[in-house]
Amino acid sequence: MSTARGALIAVLLGAAVSSAAPVAAQTPYVATPAVEPGVGVCPGGLCQPDALESVFEALAETEAGTRDRPVHILQIGDSHTAGDRITGKLRVEMQGRFGRAGRGVMPPGVPYPGYAPYQVTVGARGWVVENAPLQPPAGTPTPRVGLSGVRATGTRDGLMGFDLEPGSEATVLGVCGRGAADGSVLSVEAGGVGRELDLGRGEAEVCRDMTLPTAARSVRLVARGEGAVIDSVRLDGAARGVMLSNLGRVGATLRDLAARDEGIVSAELTAWRPDLIVIAFGTNDGFDDGLDSVAYEAVLRGQIARMRRLAPGASLMLLGAPDALRSGVTGGCSTDGMRAPPSKLAVVRDVQRRVAADLGVALWDWHGRMGGDCSADRLALGAEPLMRGDRVHFTSAGADWIGGILSGDLMGAYDRWKAEAGSVD
(Lines give C-alpha, C1' and ligand atoms only; values in the text may rest on other atoms or scores of the structure.)
Protein backbone atom coordinates (compact mmCIF):
# COMPACT_ATOMS: atom_id res chain seq x y z
CA MET A 1 0.00 0.00 0.00
CA SER A 2 1.41 3.39 -1.01
CA THR A 3 1.95 6.12 1.59
CA ALA A 4 -0.59 8.39 -0.12
CA ARG A 5 -3.24 5.69 -0.30
CA GLY A 6 -2.57 4.66 3.28
CA ALA A 7 -2.92 8.27 4.43
CA LEU A 8 -6.25 8.65 2.68
CA ILE A 9 -7.63 5.40 4.08
CA ALA A 10 -6.48 6.36 7.55
CA VAL A 11 -8.33 9.67 7.28
CA LEU A 12 -11.49 8.10 5.88
CA LEU A 13 -11.70 5.12 8.17
CA GLY A 14 -10.05 6.32 11.34
CA ALA A 15 -8.59 4.04 13.97
CA ALA A 16 -11.96 3.00 15.40
CA VAL A 17 -14.35 3.29 12.45
CA SER A 18 -15.84 0.10 11.01
CA SER A 19 -16.19 -1.01 7.38
CA ALA A 20 -19.16 1.34 6.99
CA ALA A 21 -16.76 3.73 5.27
CA PRO A 22 -16.06 2.20 1.83
CA VAL A 23 -12.76 2.56 0.07
CA ALA A 24 -12.20 1.72 -3.60
CA ALA A 25 -8.74 0.34 -4.29
CA GLN A 26 -6.61 1.68 -7.09
CA THR A 27 -5.76 -1.06 -9.58
CA PRO A 28 -2.16 -1.32 -10.80
CA TYR A 29 -1.79 -1.57 -14.57
CA VAL A 30 -0.18 -4.77 -15.90
CA ALA A 31 0.08 -5.48 -19.63
CA THR A 32 -1.02 -8.84 -21.05
CA PRO A 33 0.51 -10.90 -23.89
CA ALA A 34 -0.83 -10.19 -27.36
CA VAL A 35 -3.35 -12.48 -29.09
CA GLU A 36 -4.23 -11.91 -32.72
CA PRO A 37 -7.58 -10.10 -33.11
CA GLY A 38 -10.39 -11.28 -35.36
CA VAL A 39 -11.20 -9.60 -38.67
CA GLY A 40 -14.87 -8.58 -38.39
CA VAL A 41 -17.08 -6.58 -40.73
CA CYS A 42 -15.42 -3.15 -40.43
CA PRO A 43 -12.08 -2.46 -42.17
CA GLY A 44 -9.48 -2.11 -39.45
CA GLY A 45 -12.22 -2.77 -36.90
CA LEU A 46 -13.83 0.64 -37.38
CA CYS A 47 -16.82 1.53 -39.56
CA GLN A 48 -17.45 5.18 -40.53
CA PRO A 49 -14.05 6.44 -39.27
CA ASP A 50 -14.70 9.75 -41.04
CA ALA A 51 -17.25 10.48 -38.28
CA LEU A 52 -14.26 10.94 -35.94
CA GLU A 53 -12.68 13.76 -37.92
CA SER A 54 -13.24 16.42 -35.26
CA VAL A 55 -11.63 14.37 -32.50
CA PHE A 56 -8.78 13.46 -34.87
CA GLU A 57 -8.25 17.18 -35.48
CA ALA A 58 -8.11 17.74 -31.71
CA LEU A 59 -5.52 14.97 -31.33
CA ALA A 60 -3.44 16.43 -34.17
CA GLU A 61 -3.52 19.85 -32.49
CA THR A 62 -2.38 18.21 -29.26
CA GLU A 63 0.53 16.50 -31.01
CA ALA A 64 1.46 19.80 -32.65
CA GLY A 65 1.33 21.63 -29.29
CA THR A 66 -1.30 24.13 -30.46
CA ARG A 67 -4.24 22.94 -28.32
CA ASP A 68 -4.70 24.52 -24.89
CA ARG A 69 -7.13 22.05 -23.27
CA PRO A 70 -7.42 18.26 -22.91
CA VAL A 71 -8.89 16.00 -25.55
CA HIS A 72 -11.74 14.54 -23.51
CA ILE A 73 -13.05 11.06 -24.32
CA LEU A 74 -16.21 10.09 -22.44
CA GLN A 75 -17.38 6.46 -22.45
CA ILE A 76 -20.85 5.62 -21.10
CA GLY A 77 -21.93 2.00 -20.80
CA ASP A 78 -22.50 -1.14 -18.75
CA SER A 79 -20.22 -3.30 -16.59
CA HIS A 80 -17.53 -3.47 -19.31
CA THR A 81 -17.22 0.31 -18.85
CA ALA A 82 -17.78 0.43 -15.10
CA GLY A 83 -14.88 -1.92 -14.38
CA ASP A 84 -12.39 0.46 -16.09
CA ARG A 85 -10.30 -2.45 -17.37
CA ILE A 86 -10.94 -1.87 -21.07
CA THR A 87 -11.12 1.91 -20.72
CA GLY A 88 -8.06 1.73 -18.48
CA LYS A 89 -6.02 0.20 -21.29
CA LEU A 90 -7.32 2.75 -23.78
CA ARG A 91 -6.46 5.55 -21.33
CA VAL A 92 -2.92 4.28 -20.77
CA GLU A 93 -2.26 3.89 -24.51
CA MET A 94 -3.65 7.27 -25.53
CA GLN A 95 -2.08 9.16 -22.67
CA GLY A 96 1.24 7.49 -23.44
CA ARG A 97 1.10 8.93 -26.94
CA PHE A 98 -0.57 12.29 -26.42
CA GLY A 99 0.11 13.12 -22.75
CA ARG A 100 -1.73 12.77 -19.46
CA ALA A 101 -4.42 15.37 -19.01
CA GLY A 102 -6.14 14.06 -15.89
CA ARG A 103 -8.16 11.14 -14.59
CA GLY A 104 -11.45 12.53 -15.89
CA VAL A 105 -15.02 12.18 -14.66
CA MET A 106 -15.94 9.66 -11.97
CA PRO A 107 -19.08 8.75 -10.04
CA PRO A 108 -19.27 10.26 -6.56
CA GLY A 109 -17.75 8.10 -3.84
CA VAL A 110 -17.76 4.30 -4.06
CA PRO A 111 -20.73 3.23 -6.23
CA TYR A 112 -20.52 -0.51 -5.60
CA PRO A 113 -18.41 -3.06 -3.63
CA GLY A 114 -15.24 -3.95 -5.47
CA TYR A 115 -15.02 -0.62 -7.31
CA ALA A 116 -11.35 -0.37 -8.27
CA PRO A 117 -10.63 2.24 -10.96
CA TYR A 118 -7.28 2.81 -12.56
CA GLN A 119 -5.00 5.71 -11.57
CA VAL A 120 -7.00 6.70 -8.47
CA THR A 121 -8.00 5.45 -5.03
CA VAL A 122 -11.44 6.59 -3.87
CA GLY A 123 -12.87 6.61 -0.35
CA ALA A 124 -15.96 8.04 1.32
CA ARG A 125 -17.48 8.41 4.77
CA GLY A 126 -20.72 10.16 5.65
CA TRP A 127 -22.14 10.17 2.10
CA VAL A 128 -25.27 8.21 1.19
CA VAL A 129 -24.67 6.70 -2.26
CA GLU A 130 -27.68 5.78 -4.43
CA ASN A 131 -27.53 3.86 -7.70
CA ALA A 132 -30.42 4.41 -10.08
CA PRO A 133 -32.50 1.24 -10.55
CA LEU A 134 -32.04 -0.64 -13.79
CA GLN A 135 -34.77 0.18 -16.27
CA PRO A 136 -37.18 -2.58 -17.34
CA PRO A 137 -38.84 -2.33 -20.79
CA ALA A 138 -41.84 -0.53 -19.33
CA GLY A 139 -39.68 1.90 -17.36
CA THR A 140 -39.63 2.60 -13.65
CA PRO A 141 -39.38 5.74 -11.50
CA THR A 142 -35.78 6.72 -10.90
CA PRO A 143 -34.06 9.28 -8.71
CA ARG A 144 -32.56 12.28 -10.46
CA VAL A 145 -29.12 11.18 -11.58
CA GLY A 146 -26.74 12.20 -14.30
CA LEU A 147 -24.59 10.15 -16.65
CA SER A 148 -22.83 8.28 -13.84
CA GLY A 149 -26.15 6.74 -12.78
CA VAL A 150 -25.18 7.52 -9.19
CA ARG A 151 -25.72 10.31 -6.71
CA ALA A 152 -24.23 10.88 -3.27
CA THR A 153 -25.97 12.93 -0.57
CA GLY A 154 -23.80 14.33 2.19
CA THR A 155 -24.29 14.45 5.91
CA ARG A 156 -22.48 17.02 8.04
CA ASP A 157 -18.70 16.59 7.74
CA GLY A 158 -19.12 13.76 5.24
CA LEU A 159 -15.76 13.13 3.56
CA MET A 160 -15.03 12.03 0.00
CA GLY A 161 -11.41 11.58 -1.06
CA PHE A 162 -9.43 10.88 -4.20
CA ASP A 163 -5.75 9.88 -4.21
CA LEU A 164 -4.15 9.96 -7.65
CA GLU A 165 -1.14 8.01 -8.84
CA PRO A 166 2.04 9.92 -9.77
CA GLY A 167 1.65 11.52 -13.18
CA SER A 168 -2.13 11.89 -12.84
CA GLU A 169 -2.13 14.91 -10.54
CA ALA A 170 -5.18 17.17 -10.68
CA THR A 171 -4.97 20.87 -11.48
CA VAL A 172 -8.73 21.46 -11.87
CA LEU A 173 -11.58 20.02 -9.80
CA GLY A 174 -15.05 19.85 -11.30
CA VAL A 175 -18.16 18.96 -9.28
CA CYS A 176 -21.70 18.61 -10.64
CA GLY A 177 -24.53 18.51 -8.12
CA ARG A 178 -26.93 20.69 -6.20
CA GLY A 179 -27.37 22.24 -2.80
CA ALA A 180 -29.94 21.82 -0.08
CA ALA A 181 -32.81 24.31 0.15
CA ASP A 182 -30.80 26.56 2.46
CA GLY A 183 -27.62 26.17 0.43
CA SER A 184 -24.64 23.82 0.50
CA VAL A 185 -20.92 24.43 0.61
CA LEU A 186 -18.13 21.90 0.21
CA SER A 187 -14.73 22.37 1.75
CA VAL A 188 -12.04 21.37 -0.74
CA GLU A 189 -8.63 20.31 0.50
CA ALA A 190 -5.99 19.88 -2.20
CA GLY A 191 -2.27 20.54 -2.35
CA GLY A 192 -2.25 21.42 1.35
CA VAL A 193 -4.66 24.33 0.81
CA GLY A 194 -8.32 24.55 1.87
CA ARG A 195 -10.96 26.37 -0.19
CA GLU A 196 -14.74 26.40 -0.51
CA LEU A 197 -17.01 25.36 -3.38
CA ASP A 198 -20.64 26.54 -3.40
CA LEU A 199 -23.29 24.16 -4.80
CA GLY A 200 -26.04 26.75 -4.53
CA ARG A 201 -29.58 26.36 -3.22
CA GLY A 202 -32.43 24.09 -4.20
CA GLU A 203 -33.00 21.65 -7.05
CA ALA A 204 -31.15 23.36 -9.91
CA GLU A 205 -28.14 21.37 -11.13
CA VAL A 206 -24.85 23.26 -11.10
CA CYS A 207 -21.40 22.30 -12.31
CA ARG A 208 -18.58 24.17 -10.60
CA ASP A 209 -14.93 24.20 -11.62
CA MET A 210 -12.11 25.12 -9.24
CA THR A 211 -8.50 25.67 -10.30
CA LEU A 212 -6.34 24.11 -7.61
CA PRO A 213 -3.44 26.10 -6.14
CA THR A 214 -0.92 23.41 -7.12
CA ALA A 215 -1.00 20.10 -8.96
CA ALA A 216 -2.47 17.77 -6.33
CA ARG A 217 -2.27 14.02 -5.81
CA SER A 218 -4.84 14.16 -3.01
CA VAL A 219 -8.24 15.88 -3.26
CA ARG A 220 -10.81 15.77 -0.46
CA LEU A 221 -14.36 17.09 -0.34
CA VAL A 222 -16.05 17.74 2.99
CA ALA A 223 -19.78 18.51 3.32
CA ARG A 224 -20.36 21.54 5.54
CA GLY A 225 -23.95 20.79 6.46
CA GLU A 226 -26.68 18.37 5.42
CA GLY A 227 -28.19 17.63 2.03
CA ALA A 228 -25.51 18.47 -0.55
CA VAL A 229 -25.86 16.21 -3.61
CA ILE A 230 -22.94 15.26 -5.87
CA ASP A 231 -23.66 13.61 -9.21
CA SER A 232 -20.10 13.47 -10.56
CA VAL A 233 -16.53 14.54 -9.84
CA ARG A 234 -14.01 15.52 -12.52
CA LEU A 235 -10.25 15.72 -12.03
CA ASP A 236 -8.40 17.47 -14.87
CA GLY A 237 -4.65 17.43 -15.17
CA ALA A 238 -2.25 19.10 -17.57
CA ALA A 239 -3.53 21.50 -20.21
CA ARG A 240 -2.44 19.20 -23.07
CA GLY A 241 -3.05 15.50 -23.56
CA VAL A 242 -5.93 13.05 -23.27
CA MET A 243 -8.46 12.69 -20.46
CA LEU A 244 -10.60 9.56 -20.61
CA SER A 245 -13.70 9.23 -18.44
CA ASN A 246 -15.54 5.95 -17.89
CA LEU A 247 -19.11 6.01 -16.54
CA GLY A 248 -20.66 2.56 -16.41
CA ARG A 249 -23.50 0.86 -14.53
CA VAL A 250 -23.41 -2.88 -13.90
CA GLY A 251 -26.33 -4.53 -15.71
CA ALA A 252 -27.26 -1.39 -17.65
CA THR A 253 -28.99 -1.27 -21.02
CA LEU A 254 -29.53 1.57 -23.44
CA ARG A 255 -32.81 2.26 -21.61
CA ASP A 256 -30.77 3.32 -18.58
CA LEU A 257 -29.00 6.00 -20.58
CA ALA A 258 -32.38 7.21 -21.82
CA ALA A 259 -33.61 7.48 -18.20
CA ARG A 260 -30.85 9.88 -17.10
CA ASP A 261 -32.19 13.28 -16.02
CA GLU A 262 -32.15 15.75 -18.91
CA GLY A 263 -31.25 18.78 -16.83
CA ILE A 264 -28.32 17.05 -15.14
CA VAL A 265 -27.02 15.51 -18.37
CA SER A 266 -27.20 18.88 -20.11
CA ALA A 267 -25.27 20.61 -17.32
CA GLU A 268 -22.66 17.83 -17.21
CA LEU A 269 -21.97 17.72 -20.94
CA THR A 270 -21.74 21.51 -21.07
CA ALA A 271 -19.15 21.47 -18.27
CA TRP A 272 -17.19 18.42 -19.47
CA ARG A 273 -16.91 19.47 -23.15
CA PRO A 274 -16.24 15.94 -24.47
CA ASP A 275 -14.52 15.66 -27.83
CA LEU A 276 -15.64 12.05 -28.26
CA ILE A 277 -18.61 10.29 -26.68
CA VAL A 278 -18.43 6.49 -26.78
CA ILE A 279 -21.78 4.72 -26.28
CA ALA A 280 -21.01 1.20 -25.04
CA PHE A 281 -24.24 -0.67 -24.37
CA GLY A 282 -25.56 -3.85 -25.95
CA THR A 283 -24.63 -6.94 -23.94
CA ASN A 284 -27.50 -6.72 -21.47
CA ASP A 285 -29.89 -5.57 -24.21
CA GLY A 286 -28.98 -8.74 -26.12
CA PHE A 287 -29.72 -10.99 -23.14
CA ASP A 288 -33.31 -9.67 -23.06
CA ASP A 289 -35.30 -12.38 -24.85
CA GLY A 290 -38.23 -9.98 -25.18
CA LEU A 291 -36.20 -7.31 -26.97
CA ASP A 292 -38.23 -5.55 -29.66
CA SER A 293 -35.90 -4.52 -32.47
CA VAL A 294 -38.10 -1.61 -33.56
CA ALA A 295 -38.31 -0.19 -30.03
CA TYR A 296 -34.58 -0.73 -29.50
CA GLU A 297 -33.75 1.08 -32.71
CA ALA A 298 -35.96 4.00 -31.68
CA VAL A 299 -34.15 4.30 -28.34
CA LEU A 300 -30.74 4.13 -30.04
CA ARG A 301 -31.64 6.80 -32.56
CA GLY A 302 -33.08 8.93 -29.77
CA GLN A 303 -29.94 8.74 -27.64
CA ILE A 304 -27.67 9.57 -30.57
CA ALA A 305 -29.85 12.59 -31.29
CA ARG A 306 -29.77 13.54 -27.61
CA MET A 307 -25.97 13.41 -27.39
CA ARG A 308 -25.67 15.48 -30.55
CA ARG A 309 -28.09 18.06 -29.20
CA LEU A 310 -26.49 18.34 -25.76
CA ALA A 311 -22.86 18.00 -26.90
CA PRO A 312 -22.84 19.44 -30.44
CA GLY A 313 -19.05 19.62 -30.61
CA ALA A 314 -18.47 15.93 -29.86
CA SER A 315 -17.82 13.07 -32.24
CA LEU A 316 -19.82 9.91 -31.52
CA MET A 317 -18.83 6.25 -31.60
CA LEU A 318 -20.79 3.10 -30.80
CA LEU A 319 -19.09 0.02 -29.44
CA GLY A 320 -20.92 -2.84 -31.14
CA ALA A 321 -22.13 -5.55 -28.77
CA PRO A 322 -19.39 -8.14 -28.08
CA ASP A 323 -19.77 -11.89 -28.21
CA ALA A 324 -21.23 -13.38 -25.03
CA LEU A 325 -22.70 -16.78 -24.23
CA ARG A 326 -25.66 -18.02 -22.20
CA SER A 327 -25.26 -21.32 -20.33
CA GLY A 328 -27.80 -24.10 -19.95
CA VAL A 329 -28.55 -24.72 -23.63
CA THR A 330 -28.19 -27.86 -25.70
CA GLY A 331 -26.32 -28.03 -28.97
CA GLY A 332 -24.52 -24.79 -28.29
CA CYS A 333 -21.38 -23.57 -30.03
CA SER A 334 -19.15 -23.91 -26.97
CA THR A 335 -16.71 -26.76 -26.50
CA ASP A 336 -19.03 -28.46 -24.04
CA GLY A 337 -22.10 -27.78 -26.20
CA MET A 338 -23.87 -26.15 -23.26
CA ARG A 339 -23.42 -22.47 -24.15
CA ALA A 340 -24.58 -20.29 -27.03
CA PRO A 341 -25.07 -16.56 -27.75
CA PRO A 342 -28.57 -15.23 -26.98
CA SER A 343 -30.35 -14.74 -30.30
CA LYS A 344 -31.09 -11.09 -29.54
CA LEU A 345 -27.38 -10.21 -29.41
CA ALA A 346 -27.19 -10.55 -33.18
CA VAL A 347 -30.29 -8.36 -33.47
CA VAL A 348 -28.64 -5.68 -31.33
CA ARG A 349 -25.50 -5.73 -33.47
CA ASP A 350 -27.52 -5.52 -36.67
CA VAL A 351 -29.46 -2.50 -35.41
CA GLN A 352 -26.26 -0.82 -34.20
CA ARG A 353 -24.54 -1.26 -37.57
CA ARG A 354 -27.54 0.00 -39.57
CA VAL A 355 -28.20 3.01 -37.37
CA ALA A 356 -24.52 3.99 -37.19
CA ALA A 357 -24.22 3.85 -40.97
CA ASP A 358 -27.46 5.75 -41.49
CA LEU A 359 -26.65 8.52 -39.00
CA GLY A 360 -22.94 8.85 -39.78
CA VAL A 361 -21.69 7.55 -36.42
CA ALA A 362 -18.46 5.61 -36.02
CA LEU A 363 -18.85 1.99 -34.92
CA TRP A 364 -16.21 -0.35 -33.53
CA ASP A 365 -16.82 -4.02 -34.36
CA TRP A 366 -16.14 -5.49 -30.91
CA HIS A 367 -17.72 -8.85 -31.83
CA GLY A 368 -15.53 -9.30 -34.88
CA ARG A 369 -12.33 -8.08 -33.28
CA MET A 370 -12.64 -10.55 -30.39
CA GLY A 371 -13.05 -13.39 -32.90
CA GLY A 372 -16.72 -13.56 -33.88
CA ASP A 373 -19.33 -16.12 -32.88
CA CYS A 374 -18.46 -18.20 -29.81
CA SER A 375 -15.12 -16.44 -29.37
CA ALA A 376 -16.09 -15.88 -25.72
CA ASP A 377 -15.73 -19.64 -25.19
CA ARG A 378 -12.41 -19.90 -27.02
CA LEU A 379 -11.01 -16.95 -25.10
CA ALA A 380 -12.10 -18.49 -21.79
CA LEU A 381 -10.28 -21.76 -22.51
CA GLY A 382 -6.85 -20.44 -23.43
CA ALA A 383 -3.68 -21.11 -21.45
CA GLU A 384 -4.18 -17.64 -20.00
CA PRO A 385 -7.98 -17.12 -19.99
CA LEU A 386 -9.06 -13.82 -21.49
CA MET A 387 -12.74 -14.36 -20.62
CA ARG A 388 -14.18 -15.33 -17.25
CA GLY A 389 -16.08 -18.54 -16.74
CA ASP A 390 -19.40 -16.77 -17.36
CA ARG A 391 -18.33 -16.17 -21.00
CA VAL A 392 -19.63 -12.61 -20.67
CA HIS A 393 -16.97 -10.65 -18.83
CA PHE A 394 -13.29 -10.34 -19.59
CA THR A 395 -10.53 -11.24 -17.18
CA SER A 396 -8.12 -8.44 -16.35
CA ALA A 397 -5.72 -9.84 -18.94
CA GLY A 398 -8.55 -10.11 -21.47
CA ALA A 399 -9.74 -6.57 -20.88
CA ASP A 400 -6.18 -5.35 -21.36
CA TRP A 401 -6.01 -7.34 -24.62
CA ILE A 402 -9.30 -6.14 -26.11
CA GLY A 403 -8.68 -2.59 -24.89
CA GLY A 404 -5.37 -2.67 -26.72
CA ILE A 405 -7.12 -3.75 -29.91
CA LEU A 406 -9.60 -0.89 -29.56
CA SER A 407 -6.74 1.56 -28.98
CA GLY A 408 -4.81 0.19 -31.95
CA ASP A 409 -7.83 0.44 -34.24
CA LEU A 410 -8.54 4.03 -33.19
CA MET A 411 -4.91 5.07 -33.58
CA GLY A 412 -4.67 3.26 -36.90
CA ALA A 413 -7.66 5.23 -38.19
CA TYR A 414 -6.14 8.44 -36.80
CA ASP A 415 -2.78 7.80 -38.49
CA ARG A 416 -4.51 7.08 -41.81
CA TRP A 417 -6.56 10.27 -41.48
CA LYS A 418 -3.42 12.26 -40.68
CA ALA A 419 -1.57 10.81 -43.66
CA GLU A 420 -4.47 11.61 -45.98
CA ALA A 421 -4.78 15.13 -44.57
CA GLY A 422 -1.06 15.65 -45.12
CA SER A 423 -1.24 14.43 -48.70
CA VAL A 424 -4.11 16.85 -49.41
CA ASP A 425 -2.14 19.75 -47.91
Between V242 and T62, does the side chain to side chain contact (heavy atoms under 4.5 Å, CB included) criterion hold? Intermediate values first, please.
CA-CA 9 Å; V242 168; T62 298; 5.9 Å; no

I'd like to know whether L212 forms a side chain to side chain contact (heavy atoms under 4.5 Å, CB included) with L173, so could you lay out the CA-CA distance, the side-chain angles of the two residues, the decisive distance to 0.1 Å, and finally the verdict.
CA-CA 7 Å; L212 303 178; L173 165 70; 4.1 Å; yes

Test side chain to side chain contact (heavy atoms under 4.5 Å, CB included) applied to V392 and F287, step by step:
CA-CA 11 Å; V392 174; F287 272 76; 3.9 Å; yes

Quick one, S184 with V229, criterion side chain to side chain contact (heavy atoms under 4.5 Å, CB included). Give me CA distance, side-chain angles, the key distance, then yes/no.
CA-CA 9 Å; S184 294; V229 174; over 6 Å; no

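Of the possible polar contacts, none joining the E169 side chain to the A216 backbone as a donor-acceptor pair under 3.5 Å is found. A donor-acceptor pair is defined here as one N or O able to donate and one able to accept, closer than 3.5 Å; no such pair exists between the side chain of Q48 and the backbone of G360. One N or O on the side chain of S375 and one on the backbone of G372 form a donor-acceptor pair closer than 3.5 Å. Side-chain N or O atoms of N284 include none that pairs as donor or acceptor with a backbone N or O of T253 at under 3.5 Å. A donor-acceptor pair is defined here as one N or O able to donate and one able to accept, closer than 3.5 Å; no such pair exists between the side chain of D365 and the backbone of G45. Under a 3.5 Å cut-off, the side chain of R67 and the backbone N or O of P70 do form a donor-acceptor pair. Judged purely by atom type and a 3.5 angstrom limit, D275 has no side-chain atom pairing as donor or acceptor with the backbone of S54. Under a 3.5 Å cut-off, the side chain of S245 and the backbone N or O of V105 do form a donor-acceptor pair. Looking at D358, its side chain never comes within 3.5 Å of a backbone N or O of V355 through a donor-acceptor pair. A distance-only check finds a donor-acceptor pair linking the side chain of R388 to the backbone of F394 [under 3.5 Å].
No more than 12 heavy atoms of other residues, nucleotides or ligands lie within 6.0 Å of CZ in R273, so this atom counts as exposed by the packing criterion.
Every pair passing disulfide bond (SG atoms under 2.5 Å apart) that includes a residue from residues 40-130 is listed here, sequence neighbours excluded: C42-C47.
Salt-bridge check for R91 with D84: passed, with a basic side-chain N closer than 4.0 Å to an acidic carboxylate O. In this structure, R151 does not pair ionically with D261, as no charged nitrogen and carboxylate oxygen lie closer than 4.0 Å. Salt bridge annotation for E63-R97: present, with a cationic side-chain nitrogen under 4.0 angstrom from a carboxylate oxygen. A salt bridge between R234 and D209 is present, with a side-chain N of the basic residue lying under 4.0 Å from a carboxylate O of the acidic one. Residues D231 and R178 are paired through a salt bridge, judged by an N-O separation under 4.0 Å between the basic side chain and the carboxylate. Comment: R100 engages E165 in a salt bridge, judged by a side-chain N to carboxylate O separation of less than 4.0 angstrom. The residues R301 and E297 are annotated as salt-bridged, a charged nitrogen and a carboxylate oxygen being separated by less than 4.0 angstrom.
Heavy atoms only, all atoms of each residue included: M160 and A152 are closest at CE-CB, 4.1 Å. Considering all non-hydrogen atoms of both residues, T81 and N246 come closest at O-ND2, 3.0 Å. The minimum heavy-atom distance linking Q352 with L319 is given by the pair NE2-O, 3.8 Å. Here the closest heavy-atom approach between residue A132 and residue T142 is recorded as CB-OG1, 3.4 Å. The two residues G146 and I264 come nearest to each other via the heavy atoms CA-CG2, 3.3 Å. Residues G403 and K89 come closest through the heavy atom pair C-CG, 3.5 Å.
Rounded to the nearest 0.5 Å, atoms CG (L410) and CG (L276) are 7.5 Å apart. To the nearest 0.5 Å, the span separating CD on Q119 from CG on L164 amounts to 8.5 Å. For the atom pair L386 CG and S396 OG, the distance stands at 11.0 Å (nearest 0.5 Å). Atoms CE and OG, from M338 and S334 in turn, are 8.0 Å apart once rounded to the nearest 0.5 Å. If you take CE on M243 and CZ on R103, they are separated by 10.5 Å, rounding to the nearest 0.5 Å. Once rounded to the nearest 0.5 Å, the distance linking CD1 of I402 with CE of M370 reads 6.5 Å.
Between R416 and P49 the shortest side-chain heavy-atom distance does not fall below 4.5 Å. When side chains are defined from C-beta on, L159 does not count as touching L221, because their heavy atoms never get closer than 4.5 Å. Between L359 and R308, some side-chain heavy-atom pair lies under the 4.5 Å cut-off. Contact of the P107 side chain with the L247 side chain is registered, since non-hydrogen atoms from C-beta on lie closer than 4.5 Å. Proximity of L269 to P274: side-chain heavy atoms (C-beta onward) are separated by under 4.5 Å at one or more points. Here the side chains of R217 and D163 are not in contact, with every heavy-atom distance at 4.5 Å or above. The shortest distance between side-chain heavy atoms of M94 and L59 falls below 4.5 Å. With contacts defined as side-chain heavy-atom distances shorter than 4.5 Å, the pair D288/Y296 does not qualify.
Side-chain contact of R306 with Q303: a donor-acceptor pair under 3.5 Å is present, judged by distance alone.
For D377, the side-chain hydrogen bond (donor to acceptor under 3.5 Å, both in side chains) test picks out T335, R391, with sequence neighbours left out. Scanning for ring-ring contact (aromatic ring centres under 6.0 Å, His included) contacts around Y414 gives F56, F98, with sequence neighbours left out.
Geometrically, R85 engages Y118 in a cation-pi contact defined by less than 6.0 Å to the ring centre and at most 45° from the axis.
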